[in-house]
Amino acid sequence: MREMVVLGVRVSVPGNEVVVVLGEPGGTVVLPIVIGPREGAAIASAQAGLVPPRPLTHDLLVSILQTLGATVVEVRVTRVVDGIFHAELVLSAGQVVDARPSDAIAVALRVHCPVLCEDDLLEVAGVPVADAGLETAEDQGEMASEMEEFRAFLAEVEPEDFGRPAGEGEPGAGPDDAPGPDDAPGPDDAPGPDEDAPGPVTWDDDADGPGPEAGPPRAPGAG
């Protein structure tokens, strides 16, 4: 098995799916897995170091395991069956627990344990880095800066800042806000065939993924 790093959570186009991307350090192939938006938020928040005021689902799971004297020593992404990825949590006493990759990765980031991937799976479902739509180092720096600004905003915001009545701060909608003729959609606004066609996806759970007619495992169309 190969040890992977979580490169981030992305939104693929044109399907608009949430994708978590795993990759080898310095490798040329990555493993994109389509996940749910809530699981994507759980992974992204752990990567950003955000600690919720009350434990969320994955935080609760980690706390329960610690209370019972168990820890997660590693996470394994093992196989893809009918377009659905499968993963495992390996506990300190040797038990192996079946899991969705999204949940397993969210837990791994919270306990700082390795994320492993089967060689055969990476060969079947991996895609070149150039086709995964990952940000450059400059883009990642901008994202980090935006995250710091967002944290500062959360630290200063007050409850009364929300639900401010019209007339205080931003004015309410007036006659000038009514859509004009330029706002009406024209023939040039109609989506083209390339915009409507969803790309192939590979899901991490049958609850979120395609139906029983899903084809062989494929990576998301644009990463």
Q: Looking only at heavy atoms, what is the nearest atom pair of Glu3 and Pro114, with distance?
A: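 Heavy-atom minimum between the residues: OE2-CB, 3.8 Å.
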Q: Give the minimum heavy-atom separation between Cys117 and Leu31, together with the two atoms involved.
A: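 So the minimum-distance heavy-atom pair works out to SG-CD2, 3.8 Å.
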Q: Do Val75 and Cys113 have side chains that approach each other closer than 4.5 Å (heavy atoms only, starting at C-beta)?
A: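 Sidechains of Cys113 and Val75: in contact.
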Q: Quick one, Thr78 and Leu121 - any side-chain contact, counting heavy atoms below 4.5 Å?
A: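 A side-chain contact is absent here, since even the closest heavy-atom pair is not under 4.5 Å.
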Q: Can you name the closest pair of heavy atoms from Gly69 and Ser92 and give their distance?
A: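 In this case the closest contact between Gly69 and Ser92 is O-OG, 4.3 Å.
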Q: Could you state whether Met1 and Leu7 fall into the same hydrophobic cluster, counting links through intermediate Ile, Leu, Val, Met, Phe, Trp or Tyr residues with side-chain heavy atoms under 4.5 angstrom apart?
A: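 No, it is not one cluster - the side chains of Met1 and Leu7 are not joined through contacts under 4.5 Å.
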Q: Are any non-hydrogen side-chain atoms of Pro101 and Ile35 less than 4.5 angstrom apart?
A: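 No, their side chains stay 4.5 Å or more apart.
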Q: Looking at every non-hydrogen atom in both residues, tell me the closest pair between Gly40 and Val18 and how far apart they are.
A: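 Taking Gly40 first and Val18 second, the nearest heavy atoms are CA-CG1, 4.2 Å.
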Q: Are Ile105 and Val90 connected in a single hydrophobic cluster, I mean Ile/Leu/Val/Met/Phe/Trp/Tyr linked by side-chain heavy atoms less than 4.5 Å apart?
A: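 Val90 does not cluster with Ile105.
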Q: Which of these passes side-chain contact (heavy atoms from CB on, under 4.5 Å) with Val72: Val62, Val107, Leu61?
A: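 So, applying the side-chain contact (heavy atoms from CB on, under 4.5 Å) to Val72 and each of Val62, Val107, Leu61, only Val107 qualifies.
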Q: Hydrophobic cluster membership, with links at side-chain heavy-atom distances under 4.5 Å among I/L/V/M/F/W/Y: are Leu116 and Val111 in one?
A: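 Different hydrophobic clusters.
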Q: Are the side chains of Leu65 and Leu89 in contact, using a 4.5 Å heavy-atom criterion?
A: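 Heavy-atom side-chain distance check fails, nothing below 4.5 Å.
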Q: Taking a hydrophobic cluster as the set of Ile, Leu, Val, Met, Phe, Trp and Tyr residues connected by side-chain heavy atoms closer than 4.5 Å, whether directly or through intermediates, do Val29 and Val6 fall within one such cluster?
A: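 Result: yes, single cluster for both.
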Q: Is it true that Val9 and Phe85 fall in one hydrophobic cluster, defined by side-chain heavy atoms closer than 4.5 Å?
A: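 Yes, it is one cluster - the side chains of Val9 and Phe85 are joined through contacts under 4.5 Å.
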Q: Does a side-chain heavy-atom distance below 4.5 Å link Met4 with Leu122?
A: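 Sidechains of Leu122 and Met4: in contact.
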Q: Which heavy atom of Val73 sits nearest to which heavy atom of Leu91, and what is that distance?
A: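 Residues Val73 and Leu91, closest heavy atoms: CG2-O, 3.9 Å.
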Q: To the nearest 0.5 Å, how far apart are NE2 in His86 and CD in Glu118?
A: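 With rounding to 0.5 Å, NE2 (His86) is 13.5 Å from CD (Glu118).
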Q: Which value, rounded to the nearest 0.5 Å, describes the distance between Ile43 atom CD1 and Arg38 atom CZ?
A: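 CZ of Arg38 is found 15.0 Å from CD1 of Ile43.
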Q: Is there side-chain contact between Ser102 and His58, with heavy atoms separated by less than 4.5 Å?
A: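 With C-beta onward as the side chain, the pair stays apart.
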Q: Output yes when a side-chain donor or acceptor of Glu39 lies under 3.5 Å from a complementary backbone atom of Arg100, and no otherwise.
A: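 Not confirmed, Glu39 side chain does not pair with Arg100 backbone.
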Q: Applying side chain to side chain contact (heavy atoms under 4.5 Å, CB included), run through Ser45 and Arg110 and close with a yes or a no.
A: CA-CA 10 Å; Ser45 63; Arg110 284 161 172 78; 3.7 Å; yes
